[in-house]
Amino acid sequence: MADLEEMLHERLAPAFAEVAGEAADPTIRRSQHTGFAGGDQRGDFQSDGALALASRLGRNPRDIATDVVDQATLDDLCATVEVSGPGFINLTIDDVVLTRLCTEIGRDERLGVAPADNPETVVVDYSAPNVAKEMHVGHLRSTVIGDAAVRLLEWLGHRVHRANHLGDWGTPFGMMIEHLLDVGETEAAYELSIGDLDAFYKAARAKFNGDDIFAERSRRRVVALQSGDESTRRLWRQLVDESEKYFMTVYDRLDVRLSDKDFVGESFYNDRLQPVVAELDRLGLLRDSEGAQCVFPDGFTHRDGEPMPIIVRKSDGGFGYSATDLAAIRHRTQELGATRLLYVVGTPQRQHLEMVFQAARQAGWLTPPARAEHIGFGSILGRDGKMLRSRAGVPVKLVDLLDEAVARAAAVVAEKNPELDETVRTRVAHAVGIGAVKYADLSTDRTRDYLLDYDRMLSFDGNTAPYLQYAHARICSIFRRAGVEPPRDVQTLTVTEPAERALALELLGFSGVVAEVARSLEFHRLATYLHGLASTFTTFYVRCPVLQAEVEVRRSRLVLCDLTARTLAIGLGLLGIQAPDQM
RNA sequence: GCGCCCGUAGCUCAGCGGAUAGAGCAACGGACUUCUAAUCCGAAGGCCGCAGGUUCGAAUCCUGCCGGGCGCACCA
């Protein structure tokens, strides 16, 4: 246990309870130093619990704070403990403790982040492109955020199912199969494999709209597909396979962990729709409304207070997408045994998902400890502040966006470090370009829209991937230059300079942030932490020469460098971003 | 009409019950015989959309208003 906030909490909570006569939250947090004239006078951490207690106990908060400080055992952790202002307790960590804890996490592969004590089975539903349709920027966020969730939860020891809920079913497949037959299977396979998905889809759509005979063929084809006609199934499978192959090339380029085994498309649930609807009926949850079979989940009302439906079976007898969503929930909780279902889906779908979740709860398919969470995200906007679209007004192809980022990264790397040889440079450009795109996506509150700006995301200044990657590369450069291995068996560290101390303190915050993000899946908190760490490091880097320092100090600084590099690499890794050794 | 989300420095964003609201960019002033100056340091910049309310204390919670975005049954 190297989480200082938690350690302080454990020490102060009993003291607060003693003084208050009941349990009271010490409310520990890192102190804010900036903007405070007179410098570093608020300690490293502060406890604000006394203020909240004042009115409840009818006592002066300063007196309460003083009593708490008297009660608490803090000597072995803190160098100074001061009551300040209206009743804050300012806590300054003892340097000896700081160095001891850093040494401790330095010996740990996981930097002091313990695996979950109660690993659970988690399903992450993300990415979900549509067969024979191009991936566009809308899929970017789901894929990137979902991938980060998978990486983080797996790293913490949870069993994670990656559910790529591919759009591989529905009426459009009639026309796509007919179009496939028209152009010939070989030609179609070629078009799809080179990633010209939109052209294929559009051609099919155009014929469907303009050619009655084709439209009729398409409708018959849908029926054949649904009734399981063998040759139709084969053609359908071919469309799906080609698309999956194409999506895999995008995922590889994006450096995302999805594999071809993770495609669990809508069609997967076909056999389960009937039983789901039957069970809803048996449970008395199903009602007919205008010819459609609906569930009216509790708590959702329409315009004038009428209940709002989710349609599980359409009036034409076909199943609605809500039926698929419900079947997926039931499958995930009952067959996969999942207790945490994550839906990485845009915020506009919030209400739909909440209704489905509620219906599932009422059906008994989503009961504690199992729960579902909508990991919503906003839209990507262009520089004009509007939804990102290409000049033609269509959504921007995801691969085009990635190409642009990598090309720009390559140009920057070539300019800044011409000495890098060709292969390394290509690799670095990829890591930087893709990293920049992902980081831009993960570094702000995901529920909000964000502005896509290549110049900003690829800048080496500010809260960007390249800045973090650069900090990492510089550290690697130190070790490379000196020809030394990172010292991992060190017994003791020393911190003398303020910059060293600040870095040590920052390094110890990693486990707390990871724990918080595992709960909230607010990856921008991890990003903010990593940026703060990199920034603290660069200050240290400028102020504290490593290799020229005298033996003892040098070894100590090498440890701090190594710890920083590992924290950055692991932290970026959890976000799905590479940390190259040089750039 | 109903519902959800968002208005914080010129720009992009953190902070979401606690001290004099923070970063980065841009603009301004400094720092390269020293481990990648792809950086660092400094100064400047804010009635936290507006108005009420709750609280010892509000950018943060509640209500109303203004402005912007997005949803509201057989497409997912």
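Naming convention: chains lettered A, B, ... in sequence-line order (proteins, then strands); numbering from 1 in each chain.
Residue A/A471 is out of contact with every strand shown, counting any heavy-atom pair closer than 4.0 Å. Residue A/A292 is in base contact, counting any heavy-atom pair closer than 4.0 Å across all strands shown. Backbone-only engagement by A/D445 is indicated by non-hydrogen atom pairs under 4.0 Å involving sugar-phosphate atoms exclusively. At a threshold of 4.0 angstrom between heavy atoms, the contacts of A/C476 with the nucleic acid are absent.
Here the P atom of nucleotide B/C56 and the CZ atom of A/R59 are 18 Å apart, to the nearest Å. Nucleotide B/C75 holds its P atom 13 Å from the NZ atom of A/K133, rounded to whole Å. Straight-line distance from the CG atom of A/L530 to the P atom of B/G24: 16 Å, rounded to whole Å. Atoms CG (A/L286) and P (B/A73) sit 19 Å apart, rounded to a whole Å. Regarding A/N463, its CG atom lies at a distance of 16 Å from the C1' atom of B/U39, rounded to whole Å. Across the protein-nucleic acid pair, A/Y201 atom OH and B/A76 atom P stand 11 Å apart, rounded to whole Å. Remark: P of B/U36 and CD of A/E415 are 19 Å apart, rounded to the nearest angstrom. Here B/A21 presents its C1' atom at 11 Å from CZ of A/R42, a figure rounded to the nearest Å.
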Inset, instruction - Could you check A/H165 against A/Y269 for ring-ring contact (aromatic ring centres under 6.0 Å, His included), going step by step and ending with a plain yes or no? - result: CA-CA 10 Å; A/H165 200 80; A/Y269 300 99; 5.8 Å; yes

Inset, instruction - Apply the test side-chain hydrogen bond (donor to acceptor under 3.5 Å, both in side chains) to residues A/D44 and A/T92: give CA-CA distance (whole Å), side-chain angles for both, the deciding distance (0.1 Å), then the verdict. - result: CA-CA 5 Å; A/D44 301 320; A/T92 305; 4.9 Å; no

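Regarding contacts with the backbone of B/U36, a side-chain N or O of A/R481 is found under 4.0 angstrom from either OP1 or OP2. Under 4.0 angstrom from either OP1 or OP2 of B/G15 there lies at least one side-chain N or O belonging to A/H524. At least one side-chain nitrogen or oxygen of A/Y467 sits closer than 4.0 Å to the OP1 or OP2 atom of B/C40. Regarding contacts with the backbone of B/G15, a side-chain N or O of A/R525 is found under 4.0 angstrom from either OP1 or OP2. For the pair A/S477 and B/C35, the criterion of a side-chain N or O lying under 4.0 Å from OP1 or OP2 is not met. At the phosphate of B/A14, OP1 or OP2 sits under 4.0 Å from a side-chain N or O atom of A/R448.
Of all nucleotides present, only B/G1 satisfies the Watson-Crick or G-U wobble test against B/C72, with each distance under 3.5 Å. Under the Watson-Crick and G-U wobble criteria, each requiring two contacts below 3.5 Å, nucleotide B/C32 is left unpaired. Judged by Watson-Crick or G-U wobble contacts below 3.5 Å, the nucleotide B/A21 has no partner. Pairing of B/A51, defined by two Watson-Crick or G-U wobble distances under 3.5 Å, is identified with B/U63.
Contact check on A/R566 versus A/D562 returns a salt bridge, with a Lys/Arg side-chain nitrogen under 4.0 Å from an Asp/Glu carboxylate oxygen. Under 4.0 Å is where a charged nitrogen must lie from a carboxylate oxygen, and between A/E5 and A/R29 no such pair does. For A/R408 and A/D455, the salt-bridge test passes: some basic side-chain N is under 4.0 Å from an acidic carboxylate O. Look at A/R525 and A/E516 and you find a salt bridge, because one of the NZ, NE, NH1 or NH2 atoms lies within 4.0 Å of a carboxylate O, short of that distance.
Around CD of A/E550, the count of heavy atoms belonging to other residues, nucleotides or ligands within 6.0 Å exceeds 12.
Listed candidates were B/C11, B/G18, B/C35. Nearest to the side chain of A/V546 is B/C35. When the nucleotides B/A38, B/G18, B/C41 are ranked by their closest atom to the side chain of A/T539, B/C41 comes out on top. The listed nucleotides are B/U39, B/A73, B/A19; the one nearest the side chain of A/P309 is B/A73. Side chain of A/P348, nearest nucleotide from B/C40, B/G71, B/C13: B/G71. In this structure, the nucleotide among B/A38, B/C4, B/A73 sitting nearest to the side chain of A/R350 is B/C4. With B/U36, B/U34, B/A14 as the choices, the nucleotide that has an atom nearest any side-chain atom of A/Q548 turns out to be B/U34. The side chain of A/H531 sits closest to B/A23 out of B/A23, B/A19, B/C41. Ranking B/U36, B/C35, B/C72 by closeness to the A/M308 side chain, first place goes to B/C72.
You won't find any donor-acceptor pair under 3.5 Å spanning the side chain of A/Y470 and the base of B/A38, going by distance alone. With hydrogens and angles ignored, no donor-acceptor pair under 3.5 angstrom links the side chain of A/T444 to the base of B/A14. Under 3.5 Å, the side chain of A/S322 and the base of B/A73 form no donor-acceptor pair of N or O atoms. No donor-acceptor contact under 3.5 Å links the side chain of A/D461 to the base of B/A26.
One P atom belongs to B/C40, the other to B/A26, and the distance between them is 12 Å to the nearest Å. Atom C1' of B/A44 sits at a distance of 28 Å from the matching atom of B/A58, rounded to the whole Å. Spacing between B/C5 and B/G17 at atom P, rounded to whole Å, works out to 16 Å. As rounded to the nearest Å, B/C65 and B/G29 have C1' atoms that lie 45 Å from one another. Taking the C1' atoms as reference points, B/C62 lies 34 Å from B/G24, given to the whole Å. Straight-line distance between the P atoms of B/C41 and B/A23: roughly 11 Å, to the nearest whole Å. For the C1' atoms, the distance from B/G30 to B/C47 is 34 Å, rounded to whole Å. Rounded to whole Å, the P atom of B/C61 lies 23 Å from the corresponding atom of B/C2.
Ring stacking holds between A/F88 and B/A19, with the centres under 5.5 Å apart and the planes within 30 degrees of each other.
Between A/T324 and A/R474, the residue anchored closer to the 5' end of RNA chain B is A/R474, taking for each the nucleotide with the nearest heavy atom. Each of A/G318 and A/D449 was matched to the nucleotide of RNA chain B holding its nearest heavy atom; the match closer to the 5' end belongs to A/D449.
Note that CG of A/L442 is 11.0 Å distant from NE2 of A/H524, once rounded to the nearest 0.5 Å.
B/C61: glycosidic angle beyond 90° from 0, hence anti.
Considering all non-hydrogen atoms of both residues, A/M176 and A/A132 come closest at SD-CB, 3.3 Å.
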